[in-house]
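Data first, discussion second: the structure below is written as structure tokens.
Just so it is clear, the structure is predicted and the values come from calculations on it, not from any experiment. Letters A, B, ... are given to chains in the order of the sequence lines, protein chains preceding strands, and every chain is numbered from 1.
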2 protein chains.
Amino acid sequence: MAAVSSPSRRRTEALSRERIVDAAVALLDDAGEGGLTFRALSQALATGPGAIYHHVANKEELLAAATDAVVAGTLADEPDGTPQDKVRALALGLFDAIDAHPWVAGGLTASSWQATSPRIFEKVGRQVRDLGVPHDRWFTVTSVLVQYILGAAAQNAANARILGPDVDRDEFLGAVSTTWEELDTDEYAFTRTVADQMRSHDDREQFLEGIDLVLAGIGTTVRPTGTPVMPASPSRS
Amino acid sequence: MAAVSSPSRRRTEALSRERIVDAAVALLDDAGEGGLTFRALSQALATGPGAIYHHVANKEELLAAATDAVVAGTLADEPDGTPQDKVRALALGLFDAIDAHPWVAGGLTASSWQATSPRIFEKVGRQVRDLGVPHDRWFTVTSVLVQYILGAAAQNAANARILGPDVDRDEFLGAVSTTWEELDTDEYAFTRTVADQMRSHDDREQFLEGIDLVLAGIGTTVRPTGTPVMPASPSRS
DNA sequence: GAGGTTCGTGGAACAATGTTCCAATCGTTG
DNA sequence: CAACGATTGGAACATTGTTCCACGAACCTC
């Protein structure tokens, strides 16, 4: 069905799923997550809302497709180096992509478990395999890495969304830091002592340190020779 | 303002912010994230939508308040044991709460960075401090732990939402596993080999293994004596 | 090439949502 | 007891996702 014939066009410029998804990404990028409406999309494509529904089932599927487009683009280039380096490059690529397109975080949570997540899982999993992790722990370790990557990126995106493109980052961090310093002395004893660290922290750097922390944890389950051992964490019931 | 006098009631049962939030939680619990509408809430409270707006600014604030109510309840009881044990108990409590109320994941991402997140941050941070992590790394390490906990819980909740209350979990996992086994041999070589592990995995168990992995990573930055060292991860540029 | 058929189109219409507005009403205060 | 302010709750509004359907262009058959 819908066999694409020669370079013939229908009336305007041939409405296609790809063109719709591209327009959706553009709309999401400069109007935020709430900026994607079927009416705005219709106008951008010079058509009516009804036409779009012939190519996309509903808004959820559209958001998933837009999310997948961005993630697939990020995952396209192959990093090189040690497995650890590849994990860092992979993770940072996703982090930066979600930072640039904050709506991707919501799109990943919403659905897209169908196509997008397996893509990420595969890329990360191969590095876990090459790390020398024992086979029976591949699924768990890969899942943990993916969960941290997407979780940290999503929370960073949530902060970025509060910030908006117009608010000054340093100013915002300073305000939050000040708020923390004024919290209750007893109830928030710990938070108060790290208020200054929060003021001067760098999000990407912190994210990478988290990746290194997880990699270090994985390292404790693998002997230098590659012989696997159980995690070195303290007693568990 | 709004001084609560003696046990007098207005016309019905005295509409209060607390009563509204409680009703919102109940509504979210048995109708899902989309079940919270001001009309359904009005009906549940036997009032009109306008009345609610006198106690709550908008839907976003309402969702944040509902989220905070659930999280605060979870964080109420103090665990005991080693710092590691406390982190596990804390994390598992949050994981279970988000699993029971999947809409909390969305609520945490949306806003509530105001009150809820600092609460979690403080609780986790105290354990990081007791773990012997050097002071200048408290903020980063705590952030990473919180990011993993909330990220993993959120993704688990997303899966649970697809599942719904009526779909059989084993059946669903089996279906996904079969889908993975039928993926492209080259493009998804890794994912195919762990399809059977995904079929038989336990979400809570996997989450705890993730916590242990991060804790093990943290352990590499702290000597047994408590003397801090840098992470044991391989070279970084 | 002409006719019929199919499919994409796009605008109107529908139900439901968050939010605002305001008159009626209650509890409290002078 | 009267006046006032806070609370109430229902109607109204703008906007959303989605459905429906008449129109018309492209394709296939003869």
Side-chain angles (χ1 to χ4, degrees), chain A residues 1-25 27-28 31-67 103 106-107 110-112, chain B residues 1-24 27-28 31-67 103 106-107 110-112 161:
Chain A
M1 54 187 86
V4 175
S5 60
S6 35
S8 71
R9 302 170 191 166
R10 257 181 133 67
R11 67 201 69 176
T12 60
E13 187 86 17
L15 197 56
S16 69
R17 187 185 163 99
E18 189 188 351
R19 240 164 62 81
I20 292 174
V21 171
D22 285 352
V25 170
L27 214 51
L28 285 161
E33 191 152 7
L36 178 63
T37 67
F38 276 80
R39 278 165 183 81
L41 196 57
S42 300
Q43 196 167 351
L45 292 167
T47 179
I52 298 176
Y53 276 88
H54 269 267
H55 299 266
V56 168
N58 50 39
K59 189 176 183 178
E60 190 178 337
E61 185 191 305
L62 179 57
L63 189 61
T67 300
W103 48 270
S111 130
S112 77
Chain B
M1 52 189 81
V4 176
S5 61
S6 34
S8 71
R9 302 168 191 170
R10 251 181 138 65
R11 67 202 68 175
T12 59
E13 187 87 16
L15 197 54
S16 69
R17 186 185 162 98
E18 188 188 350
R19 239 165 62 79
I20 291 174
V21 171
D22 286 350
L27 213 50
L28 285 161
E33 194 153 6
L36 178 64
T37 68
F38 276 80
R39 278 164 182 81
L41 195 58
S42 300
Q43 195 167 350
L45 292 167
T47 181
I52 298 176
Y53 275 87
H54 268 268
H55 300 266
V56 168
N58 50 39
K59 190 175 183 179
E60 190 177 336
E61 185 190 305
L62 180 57
L63 188 62
T67 299
W103 48 270
S111 132
S112 78
R161 209 177 323 159

(request) Using whole Å, report how far CD1 of A:Ile20 lies from P of C:dG10. (result) 11 Å
(request) Nearest 0.5 Å please: distance from the CG atom of B:Leu45 over to the OG atom of B:Ser16. (result) 9.0 Å
(request) Using atom CD1 of B:Ile52 as one end and atom P of D:dG9 as the other, report the distance to the nearest whole Å. (result) 10 Å
(message) In whole Å, I'd like the distance from the NE2 atom of B:His54 to the P atom of D:dG5.
(response) 15 Å
(message) Measuring only between side-chain heavy atoms, which start at C-beta, is B:Arg161 closer than 4.5 Å to B:Glu33?
(response) yes
(request) Using whole Å, report how far CZ of A:Arg19 lies from P of C:dG8. (result) 15 Å
(request) Return no unless some side-chain N or O of B:His55 is found under 4.0 Å from OP1 or OP2 of D:dT8. (result) yes
(message) Does any part of the side chain of B:Tyr53, heavy atoms only, come nearer than 4.5 Å to the side chain of B:Leu62, both counted from C-beta?
(response) no
(request) Check whether any side-chain nitrogen or oxygen of B:Thr47 sits under 4.0 Å from OP1 or OP2 of D:dT8, and answer yes or no. (result) no
(message) So A:Leu41 and A:Thr47, do their side chains get closer than 4.5 Å, heavy atoms only?
(response) no
(request) Using a cut-off of 6.0 Å, state whether more than 12 heavy atoms not belonging to A:Glu61 lie near its atom CD. (result) yes
(request) Please lay out, stage by stage, how B:Leu36 and B:Trp103 fare under the test side-chain contact (heavy atoms from CB on, under 4.5 Å). (result) CA-CA 10 Å; B:Leu36 178 64; B:Trp103 48 270; over 6 Å; no
(request) Return the value, rounded to whole Å, for the distance between atom CD of A:Gln43 and atom C1' of C:dG10. (result) 14 Å
(request) Take nucleotides 12-17 of chain D nucleotide by nucleotide from the 5' end and write B, S or -, depending on whether a protein heavy atom sits under 4.0 Å from the base, only from the sugar-phosphate, or from neither. (result) B---BB
(request) Let me know the distance between CG of B:Leu41 and C1' of C:dA16, rounded to the nearest Å. (result) 16 Å
(request) Measure the distance from CG on B:Leu45 to P on D:dG9 and round it to the nearest whole Å. (result) 10 Å
